[in-house]
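Worksheet for the structure shown next.
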Amino acid sequence: MTQQEKNFEGSLKIRLYNTKSREVELFQPYFAPRVGIYSCGMTVYGYAHVGHIRTYTNSDVLRRLLEYAGYQVTQVMNVTDVGHMTSDEDAGEDKLELGARREGKTPWEIAEFYEDHFFSTIAECNITRPEVISRATEHIGEQIGLVKRLEDNGYTYKTDVGVIFDTSKFGRYAEFARLDLEGQEAGARVAVDDQRRNPQDFALWITNQPNHIMQWNSPWGRGFPGWHIECSAMAMRYLGDQVDIHTGGIDHIPVHHTNEIAQSECATGRQYVKYWFHSAFLNVDGRKMSKSLNNLYTLDDVRARGYSPLALRYLFLNGFYRRDMNFTWEALESAQRGLARLWGACAELPAPTGVVIPGFIEKFESAISNDLNTMNALAVVSGVLETKGPPESKASTIYKMDEVFGLDLANSRTRLSDFWRLRGLRPEHKMQAESMADKREKARKNKNFSEADRLRDRINNMGFQVEDTPQGPKIVPMFDFDFAAMRKPVCGHCGVDEKTGC
RNA sequence: GGCGACGUAGCCAAGUGGUCUAAGGCAGAGGUCUGCAAAAUCUCCAUUCGGCGGUUCAAAUCCGCCCGUCGCCUCCA
C-alpha cells in the first residue's frame with residue numbers, strides 16, 4: 001500500500017466488479033485520493049438512445065459514488081467524430097461521412113449536431129458532465145505520436161491499408177476477453193485481408209483512401225486514425241499512462257477494449273487500466289434494440305410520451321448495471337409513478353438541517369459500495385420515509401444518499417412541476433380547478449353535499465383530485481389524465497368544454 | 001456451428017448455502033380517518049424461487065439433465 005493510499009484509509013470501502021479478473025475487487029486507485037476515469041463516449045453520427053443513457057447513467061452513478069467516498073474524480077469522455085467504418089473493414093465508409101452524405105452536410109456538421117444532442121440528453125438525465133470532453137479530431141497529433149511509439153517498439157507493419165498492429169506480438173492479447181483465437185473462424189463475417197498477418201490485427205493509421213473527406217498528414221502519408229487508437233491516445237493525454245477505471249458498454253470487451261489494451265500496453269510497457277467497468281445492455285420488449293425493429297427510443301420519445309428524463313434514471317437505478325435490463329413503456333410508467341411519489345414525499349420535507357440517521361446511511365453505504373447495488377440502496381430510501389424520526393433528519397439522510405442516485409430529490413418541488421408541465425398541465429387549468437374547489441368548500445360549509453360532490457366531479461373531469469387537508473382543499477393533478485389533450489378552452493364555471501357550456 | 005447470460009409474485013426487479021416463513025418500486029385488496037371521497041395511516045398481497053433429479057444437517061442459492069427466453073461471435077452503450 002502506498003503512502004497516499006494509507007492516508008486515504010477510513011473512507012468508504014468500495015467493491016467493484018472488474019472485467020479483467022471477472023471478480024468483485026476492493027477498489028484502490030493508483031494515487032488516492034485522485035481517481036481517473038475514462039469513459040468510452042459516442043460515435044456522433046446518430047441520436048443517443050435509451051440504451052446509451054443507461055450506460056452513461058451507470059458510469060455516472062459510479063463517479064458519484066467515488067466522490068461520495070471522498071475521491072477527487074477526473075472523468076474523461078471521448079467524442080468519436082472520425083474513423084469508424086460501417087463494417088469491420090478498414091476500407092469501408094466512415095460512418096460520419098455516410099451520415100453527412102445522407103443529410104447533405106459535412107462530417108463536421110454532422111458530428112457537431114449529434115454531439116450537442118448527446119450532451120443535452122445526458123444533461124437532462126442528470127448525468128454529470130465529465131471534466132474533460134475530448135474529440136478525436138482534435139487529438140490527431142497524440143494519436144500519430146502513439147502510433148509512432150508502437151512503430152518504434154516494433155509492433156506494427158504496413159499494408160496497402162496503412163499501419164497495422166501486429167496482435168501476435170502481444171502475448172496477452174486474448175486474455176482480457178478470454179478469446180478463443182483458434183476457434184474463431186477467420187473471415188466468417190469479414191472479408192479476409194491477405195496482407196494481414198493475423199485475423200485480429202487492426203489498423204492504427206489508414207492511408208490510401210482518397211475519397212475520405214477527413215484526412216490529416218502523417219509520417220505514413222495523408223490519412224486518418226483507425227478506430228481504437230483515439231481512446232488510448234486521449235486517455236493517456238489526460239490521465240497518464242495508467243488509468244484507474246475505464247467504463248463502457250459490454251459490447252466493447254472483445255474488440256475495442258481488447259485492442260485498446262494491446263496498443264496501450266505495448267506502447268508504455270505498463271498496465272493500462274486497473275479496473276474495467278462494463279454496463280450490460282438494455283433490451284426493449286425483450287429484444288435487442290435495433291433500427292430494423294424500430295425500437296431505438298430517444299429521450300425525445302420518452303418525453304413525448306409524458307415521462308421525465310429522470311424517470312429513466314430511476315428505472316435504471318432499480319436494476320443491476322451488470323445485468324441485461326428489459327425496457328418496456330409499462331416499466332417506465334411504474335418508474336415514473338414511483339419517482340413522482342418520491343418527489344412528492346420529499347417536497348413535503350423541511351430543509352435538511354437534521355443529523356443524518358446512522359442506521360440508514362450505513363445500510364445505504366453497504367449496499368451502494370457493494371458493486372453498486374443501487375436497488376437495495378434505493379430500498380433504504382423507502383425505509384427512511386417510513387420511519388418516525390424528525391423530518392429534518394429524514395431530509396438530510398435522503399439528500400445525502402441522493403448525492404449518488406442523482407434524482408435531484410432536493411429540488412423535488414421544481415421537478416414535480418416540471419413533470420406536470422411535461423404532461424401538458426397549464427397554470428390556467430389549475431387555477432380553474434382551484435376556484436372550483438373554493439366553491440365546493442363553500443357548499444360543504446353549508447352542508448350542501450350534493451352540490452359539493454357535483455363540483456368535485458367537475459374537478460375530477462378536469463384532471464384533478466381534491467385533497468381536503470387541515471389547511472383547506474388542495475388540488476393535485478391526476479396521474480392518468482391527459483392534460484395535453486385538454487388544450488381547448490375550458491368553462492371556468494363547470495370545467496366542461498366552453499362551447500358546450502354548463 | 002462456437003461461446004455466454006437469464007428464467008424469482010399481475011409488471012419491473014434484488015437476493016447466489018442457514019439471518020429467506022424471499023428486499024424495494026408499480027399495480028391490487030381491506031381497516032382506520034372522512035358528510036362521502038381523496039390524501040394520510042395501518043394491514044394484507046410468492047409456504048415459494050421454469051421443470052425434474054442429485055449433493056448437503058440445510059438450496060432460490062451448488063451439480064446434472066430437460067424446457068423456455070435472450071445475447072455475443074461483425075460496427076454498436
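Lettering follows sequence order; numbering is per chain, from 1. Hydrogens, waters and symmetry mates play no part in the numbers below; they use all other heavy atoms, side chains included.
- The residue A:F281 sits close to a base: some heavy atom pair falls under 4.0 Å.
- Counting non-hydrogen atoms under 4.0 angstrom, A:R456 reaches a base of the nucleic acid.
- The salt bridge (Lys or Arg N to Asp or Glu O under 4.0 Å) test applied to A:D408 returns A:R415, not counting sequence neighbours.
- For B:G25, the base has no donor-acceptor partner in the side chain of A:R337 [N/O atoms by modelled type, under 3.5 angstrom].
- B:U21 and B:C45 are spaced 15 Å apart, taking the C1' atom of each and rounding to whole Å.
- Comparing the same atom, P, in B:G30 and in B:C70 gives a spacing of 38 Å after rounding to whole Å.
- Base pairing in RNA chain B yields stems of at least 3 consecutive Watson-Crick or G-U pairs, both distances under 3.5 Å, namely B:1-7 with B:67-73, B:10-12 with B:24-26, B:28-32 with B:40-44, B:50-54 with B:62-66.
- Between the base of B:G15 and the side chain of A:N376 there is no donor-acceptor pair shorter than 3.5 Å.
- Among the atoms of the strands shown, none is found under 4.0 Å from any heavy atom of A:H278.
- Between A:R341 and the phosphate of B:A27, there is a side-chain N or O to OP1/OP2 separation shorter than 4.0 Å.
- At the heavy-atom level, A:L282 lies under 4.0 Å from base atoms of the strands shown.
- No engagement by A:S279 is indicated, since no non-hydrogen atom pair under 4.0 Å with the nucleic acid exists.
- Between A:D480 and A:R423 there is no salt bridge, since none of the side-chain N atoms of the basic residue sits less than 4.0 Å from a carboxylate O of the acidic one.
- Between A:K288 and B:C72, a side-chain N or O to OP1/OP2 separation shorter than 4.0 Å is present.
- Among the protein residues, A:N283 comes within range of the sugar-phosphate backbone only, with heavy atoms under 4.0 Å from sugar or phosphate atoms but none that close to a base.
- Contacts of A:R322 with the nucleic acid, taken as non-hydrogen atoms under 4.0 Å apart, are absent.
- Residue A:N58 is classed as having no contact, given no heavy-atom separation below 4.0 Å to the nucleic acid.
- Note: A:H257 and A:W276 meet the aromatic proximity criterion, with ring centroids under 6.0 Å apart.
- Computed from coordinates, the A:I122 CD1 to B:A77 P distance equals 13 Å when rounded to whole Å.
- Closest to the side chain of A:D251, from the set B:A77, B:A39, B:C75, is B:A77.
- For A:E112, the CD atom is loosely surrounded, since the number of other residues' heavy atoms within 6.0 Å does not exceed 12.
- Checked for salt-bridge contact, A:R456 and A:D453 meet the test: a charged N lies under 4.0 Å from a carboxylate O.
- Using a cutoff of 4.0 Å between basic side-chain nitrogens and carboxylate oxygens, A:R305 and A:D301 are not scored as salt-bridged.
- The side chain of A:S382 contributes an N or O atom lying less than 4.0 Å from OP1 or OP2 of B:G25.
- Residue A:G286 is in sugar-phosphate contact alone, with no base atom involved, counting any heavy-atom pair closer than 4.0 Å across all strands shown.
- Within the 4.0 Å cut-off from OP1 or OP2 of B:C76, at least one side-chain nitrogen or oxygen of A:H252 is found.
- A straight line from CG of A:D468 to P of B:A37 spans 12 Å, rounded to a whole angstrom.
- Between A:R323 and B:G7 there is a side-chain N or O to OP1 or OP2 distance below 4.0 Å.
- When the C1' atom is compared between B:A5 and B:A9, the two are found 23 Å apart, to the nearest whole Å.
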